[in-house]
Amino acid sequence: MIRTRLFLALALVCSLLTAACSERKADSLERVKKAGEISLAMSGGYPPFNFFNDKNELVGFDVDVAGEAAKRLGVRLKPVTTDWSGIIEGLRSGVYDGILGSMAVTPERLKVVDFSEPYYYSGAQLLVRADSPFRAPEDLKGKVVGVATGTTFENDAKKLGVAETRLYRDDTQTLMELDNGVIDGVITDRVVGVNAVNQERFRVRLLGSPLRAEDIAVAFRKGDDSLREAVNGVLRDMRADGTLTSLSRKWLKADVTVR
């Protein structure tokens, strides 16, 4: 009799836990709707995707995509800026609802978070000073390269065989260090690199073709399926009606929303 009661109690606990998990998965969209806002994280130091302008306003392609997505979901956007190195842990611990900050989809990240469909496509790009003697990425072997902490670009630096990979908070810092001659090169997103080349404040140039391609998407907590699917639907609509293309051309001077 005791064993039977214990078995029934355990079965009840398992049933309740299963129901709770199912409810959490189903209610992520409802949670956002009830709050009336969606909080989306980004670094705030990744121009032209997300950065603070001269008026200390958070602007950029990611910011506009996030704002339009929130509008179509029927809620307000609550942008959150945080260090990239801990941005995934912040998501997993529930500090914000998602990450819309130019995050590349990787097998490692897929183990701990889920991703939306890509909202743009880019690649890893090497930059050097405009007056440097380097002619190919292979010339950086044995040199010092800077990347933003927590990005996939650190692996690209290792593959180049650099002597040292220096980690920085964001690409505003990496590009300043490159411009000042502190480091020999920077690996970042190709669009970020093109934007830097076109700015008078940086004396830099692209070195070679992109090192590899990347799919960029919105990250969500595991189990937040209803919210992820709702955002997928919004992104599809924005792609179909030309909104993504328009925002891309506004900020990036090119359409990176198609392969």
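Predicted model, so just to flag it, every value in this text is computed and none were measured.
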Keeping [X] on the side-chain end and [Y] on the backbone end, is there a donor-acceptor pair under 3.5 Å?
| X | Y | value |
| --- | --- | --- |
| Asn56 | Phe52 | no |
| Asp97 | Ser39 | yes |
| Asp139 | Ala136 | yes |
| Ser246 | Gly242 | no |
| Arg239 | Thr257 | yes |
| Thr174 | Asp171 | yes |
| Asp170 | Thr172 | yes |
| Asp184 | Val144 | yes |
| Trp84 | Ser43 | no |
| Lys33 | Leu73 | yes |

Could you list the donor-acceptor pairs under 3.5 angstrom formed between side-chain atoms of residues 157-167 and any protein atom two or more places apart in sequence or on another chain?
unit_1: Glu164; atom_1: OE2; unit_2: Arg166; atom_2: NE; d: 3.1

inquiry  = Could you go through Ile87 and Met103, starting from their C-alpha distance and side-chain angles, then the distance that decides it, and tell me whether this counts as side chain to side chain contact (heavy atoms under 4.5 Å, CB included)?
reply    = CA-CA 10 Å; Ile87 199 167; Met103 178 168 279; 3.7 Å; yes
query = With distance as the sole criterion, is a donor-acceptor pair present between the side chains of Glu214 and Thr152 under 3.5 Å?
reply = yes
Under the salt bridge (Lys or Arg N to Asp or Glu O under 4.0 Å) test, which residues partner [X], sequence neighbours left out?
| X | answer |
| --- | --- |
| Glu154 | none |
| Glu229 | none |
| Asp237 | none |
| Glu177 | none |

Pairs flagged by side chain to side chain donor-acceptor pair (under 3.5 Å) wherever residues 104-116 is involved - sequence neighbours left out = Asp114-Lys222
Run the side-chain hydrogen bond (donor to acceptor under 3.5 Å, both in side chains) test against [X] and tell me which residues pass, sequence neighbours left out.
| X | result |
| --- | --- |
| Lys250 | Asp64 |
| Tyr46 | none |
| Arg169 | Asp83 |
| Thr149 | none |

task = Tell me, with the steps shown, if Glu89 and Val112 meet side chain to side chain contact (heavy atoms under 4.5 Å, CB included).
result = CA-CA 9 Å; Glu89 288 311 309; Val112 293; 5.9 Å; no
[atom1] of [X] to [atom2] of [Y]: how many Å apart, nearest 0.5 Å?
| X | Y | atom1 | atom2 | answer |
| --- | --- | --- | --- | --- |
| Thr243 | Arg72 | OG1 | CZ | 4.0 Å |
| Asp255 | Leu244 | CG | CG | 8.5 Å |
| Tyr121 | Ser248 | OH | OG | 12.0 Å |
| Asn195 | Leu252 | CG | CG | 8.0 Å |
| Leu40 | Thr81 | CG | OG1 | 12.5 Å |

Minimum heavy-atom separation for [X] to [Y], with atom names?
| X | Y | answer |
| --- | --- | --- |
| Asn50 | Leu58 | C-CD1, 4.5 Å |
| Ser93 | Gly90 | OG-O, 3.1 Å |
| Asp215 | Pro118 | CB-CG, 3.9 Å |
| Val105 | Ala217 | CG2-CB, 3.8 Å |
| Thr82 | Ala41 | CG2-CB, 4.4 Å |

Taking the side chain as every heavy atom from C-beta outward, state whether [X] and [Y] have any pair of such atoms under 4.5 Å apart.
| X | Y | answer |
| --- | --- | --- |
| Tyr119 | Asp62 | yes |
| Lys34 | Arg31 | no |
| Tyr96 | Leu91 | yes |
| Leu175 | Gln199 | no |
| Ile38 | Leu227 | yes |

key: Qualifying residue for side-chain contact (heavy atoms from CB on, under 4.5 Å) with Phe115, from Ile216, Val218, Leu110, Ile99   = Leu110
Please check if [X] and [Y] belong to a single hydrophobic cluster, counting links between Ile, Leu, Val, Met, Phe, Trp and Tyr side chain heavy atoms closer than 4.5 Å.
| X | Y | result |
| --- | --- | --- |
| Leu77 | Val75 | yes |
| Met42 | Val147 | no |
| Ile183 | Phe202 | yes |
| Val32 | Met238 | yes |
| Leu211 | Val256 | yes |

request  = Take Val59 and Phe51 through the test side chain to side chain contact (heavy atoms under 4.5 Å, CB included) and record every step on the way to the result.
outcome  = CA-CA 6 Å; Val59 297; Phe51 63 104; 3.6 Å; yes
query = Salt bridge check: are Lys141 and Glu138 linked by an N-O gap of less than 4.0 Å?
reply = no
Side chains of residues 122-134: which donor-acceptor pairs under 3.5 Å do they make with residues two or more places apart or in other chains?
unit_1: Ser122; atom_1: OG; unit_2: Asp189; atom_2: OD1; d: 3.1
unit_1: Ser122; atom_1: OG; unit_2: Asp189; atom_2: OD2; d: 2.7
unit_1: Gln125; atom_1: OE1; unit_2: Arg190; atom_2: NH1; d: 2.6
unit_1: Gln125; atom_1: NE2; unit_2: Leu207; atom_2: O; d: 3.4
unit_1: Gln125; atom_1: NE2; unit_2: Gly208; atom_2: O; d: 3.0
unit_1: Arg129; atom_1: NE; unit_2: Asp131; atom_2: OD1; d: 3.0
unit_1: Arg129; atom_1: NH1; unit_2: Asp179; atom_2: O; d: 2.3
unit_1: Arg129; atom_1: NH2; unit_2: Asp131; atom_2: OD1; d: 3.4
unit_1: Arg129; atom_1: NH2; unit_2: Asp131; atom_2: OD2; d: 2.9
unit_1: Ser132; atom_1: OG; unit_2: Arg129; atom_2: O; d: 3.0
unit_1: Ser132; atom_1: OG; unit_2: Arg205; atom_2: NH2; d: 3.2

key: With Tyr120 via ring-ring contact (aromatic ring centres under 6.0 Å, His included) - residues at least two apart   = Phe49, Phe61
